[in-house]
Amino acid sequence: MSVLIKNGRIITASEDYVADIIIEGEKITAIGKGLPQKADHIIDAQDKLIFPGGIDPHVHLDLPVMGIRSSDNFETGTRAAIFGGTTTIIDFANQQKGGTLYSALETWQKKATGNAYCDYSFHVSVTDFTKNTKAEMKSFIEQEGITSFKTFMAYKDTLMIDDATMKAVMEEVKKYGGMVTVHATDGNKIESLVEKFRVQNNLSPLYHYLSQPDYSESEATGRFIDMAIETGVNAYVVHMTCAKALEKIKLANQNNHRILAETCPQYLLLDADLYKKGDESVKWILSPPLRTKEDRESLWTGIQDGYIQTVGTDHCPFMMEDKLKNKEDFTSVPNGIPGIEHRMELLFSEGVLKERISLNKFVEVTSTNAAKIFGLYPQKGDIKVGSDADIVIFDPAEKHIISAKTHHHHCDYSAYEGWEVTGKVKSVLLRGEVVLQENEIQIEKGYGRFLKRAVSDLGKT
Ligand code: URP
Ligand code: ZN
Ligand code: ZN
């Protein structure tokens with residue numbers, strides 16, 4: 001099967017030009033002007049932008065939380081991803097305390113296999129450094145193509161590891177060139193604030209926000225950076241939310257320590273004022289919480305200056321019924337919000353069109369940098385000959401409204417209900433197959449493929 005995409009304006013992390021693209025099988029085989037105009041399928045992309053397929057490096061599908069599961073599974077979540085131009089996701093296989101990394105991987109492979117619409121990989125979350133863990137990490141990096149290890153400095157008594165364990169993880173991962181990623185907020189500080197608010201009977205959603213102040217994030221970010229510097233491991237901070245944490249990242253990089261960071265659309269676009277909306281505020285209970293306008297502005301600047309390399313979603317939706325069940329006690333509300341479908345359109349509308357980021361930066365943070373950081377480049381993350389033909393055809397002028405009535409998340413609310421965005425994903429190709437056209441998915445579930453990843457090549461980001 002061959003595809004010709006004609007007349008599109010191709011945007012990569014470094015280029016912006018009009019040309020035709022020829023795809024044969026799963027790969028891009030030619031890009032240029034004056035190419036043969038014959039193919040099995042021809043798409044005219046006049047007046048459209050052409051982006052590399054999006055890569056969302058932070059997603060939680062079918063995640064068990066508080067006796068329920070995040071409401072999007074691999075079928076519905078990856079389908080929603082395709083509608084939004086994301087062709088690759090990286091989810092998290094969470095180790096059970098006392099369990100092995102391999103059993104975590106097996107559990108998550110079962111959830112995904114035969115169900116995914118888009119390509120996928122996993123980070124593995126290390127929650128317990130047992131006698132097997134060292135050998136498993138080596139084998140994950142060298143055999144399984146899982147090269148990034150997630151750690152938690154929060155969620156005390158469940159996912160959190162202490163500093164000694166963190167260093168042991170880092171030392172091991174460093175040996176094989178892998179990456180340690182972190183949820184960086186200070187679990188002890190948060191727990192002590194939660195206890196204080198519990199005694200005061202202050203347990204409304206606003207106190208979720210107040211129990212995770214920005215300094216609990218900057219402290220943990222700084223501590224993580226110090227340990228990463230000491231051990232020399234490749235290090236990446238997930239879902240960074242605030243100016244104070246960004247300062248720690250900046251300082252490290254100014255001192256020539258390459259510490260990478262991710263943020264999410266919700267931290268760029270939504271404010272903590274949403275915690276003053278009464279019961280409805282449960283919609284935005286996620287960790288870390290939303291912050292201030294000043295924090296949001298600092299994150300946009302962090303992206304512009306290259307201190308934040310990626311925008312993931314941390315997509316982790318729950319139905320309103322589950323969010324509201326324990327609305328009187330924020331500690332019993334499942335954490336997380338939906339977002340996988342609108343990452344690229346929101347970033348385009350609020351970022352590119354409002355001149356906060358350039359088109360090239362948009363491609364960097366939605367695709368190319370994640371591919372480079374997580375060992376998928378140049379197979380993914382670029383439009384060049386030899387890369388997978390993962391391509392988004394995008395109308396930069398089409399306006400539409402985000403709503404739970406029309407989105408494809410399996411979730412009965414949207415964190416951005418009623419927002420008007422300009423720019424719409426029109427067609428998506430994944431490995432040469434047209435997977436979205438005319439607002440219809442063109443493939444069956446199970447088309448998505450597990451991706452083995454290499455170790456990161458940070459020098460290229
Ligand atoms: O609230 C969130 N972010 N839930 C998902 C788990 C995590 O901490 O990333
Ligand atoms: Zn987290
Ligand atoms: Zn997460």
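Whatever order the structure lists them in is the order used to number ligands and atoms, beginning at 1.
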Residues E171, K174; criterion salt bridge (Lys or Arg N to Asp or Glu O under 4.0 Å); working and verdict: CA-CA 5 Å; E171 276 160 6; K174 155 82 183 160; over 6 Å; no
Enumerated ligand 1 atoms positioned under 4.0 Å from heavy atoms of H239: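 With H239 as reference, the close atoms of ligand 1 come out as 8 (O), 9 (O).
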Would you mind running through ligand 1 and noting each atom that sits below 4.0 Å from a heavy atom of H183? 8 (O)
Applying the side chain to side chain donor-acceptor pair (under 3.5 Å) test to D271, which of K293, Q266, R296 qualifies?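 When K293, Q266, R296 are each tested with D271, the side chain to side chain donor-acceptor pair (under 3.5 Å) holds only for R296.
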Is the cationic atom of K323 (NZ for Lys, CZ for Arg) positioned less than 6.0 Å from the six-membered ring centroid of F318 and within 45 degrees of its normal?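 Output no; distance or angle outside limits.
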With a 3.5 Å distance limit and no angle check, can you tell me whether W284 reaches the backbone of A272 through a side-chain donor-acceptor pair? no
Selection from V333, D314, L286 by shortest heavy-atom distance to atom 3 (N) of ligand 1: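 Among V333, D314, L286, the closest heavy atom to atom 3 (N) of ligand 1 belongs to D314.
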Closest to the Zn ion (ligand 2), which N/O/S atom of H239 is it? NE2
Which atom, among the N/O/S set of H183, is closest to the Zn ion (ligand 2)? ND1
Flag H58 as yes if one of its N/O/S atoms falls below 2.8 Å of the Zn ion (ligand 3), otherwise no.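 So H58 counts as coordinating the Zn ion (ligand 3), yes.
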Of the backbone and side-chain N, O or S atoms of H60, does one lie nearer to the Zn ion (ligand 3) than 2.8 Å? yes
Any side-chain heavy-atom pair from S204 and F330 closer than 4.5 angstrom?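 Result no, sub-4.5 Å side-chain heavy-atom pair not found.
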I82 side chain reached by H408 side chain, heavy atoms, under 4.5 Å: no
Among M137, Q143, E142, exactly one meets side chain to side chain contact (heavy atoms under 4.5 Å, CB included) together with S139. Which residue is that?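 It is Q143, the one option of M137, Q143, E142 that forms the side chain to side chain contact (heavy atoms under 4.5 Å, CB included) with S139.
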Give the residue, atom name and distance (to 0.1 Å) of the protein heavy atom nearest [atom].
atom	result
atom 8 (O) of ligand 1	Y155 OH, 2.6 Å
atom 1 (O) of ligand 1	S287 N, 2.8 Å
atom 4 (N) of ligand 1	N335 O, 3.3 Å

Atom nearest to the Zn ion (ligand 3) - D314, N, O or S atoms considered: OD1
Is E75 salt-bridged to R79, cutoff N-O under 4.0 Å?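 A salt bridge is absent here (no side-chain N lies under 4.0 Å from a carboxylate O).
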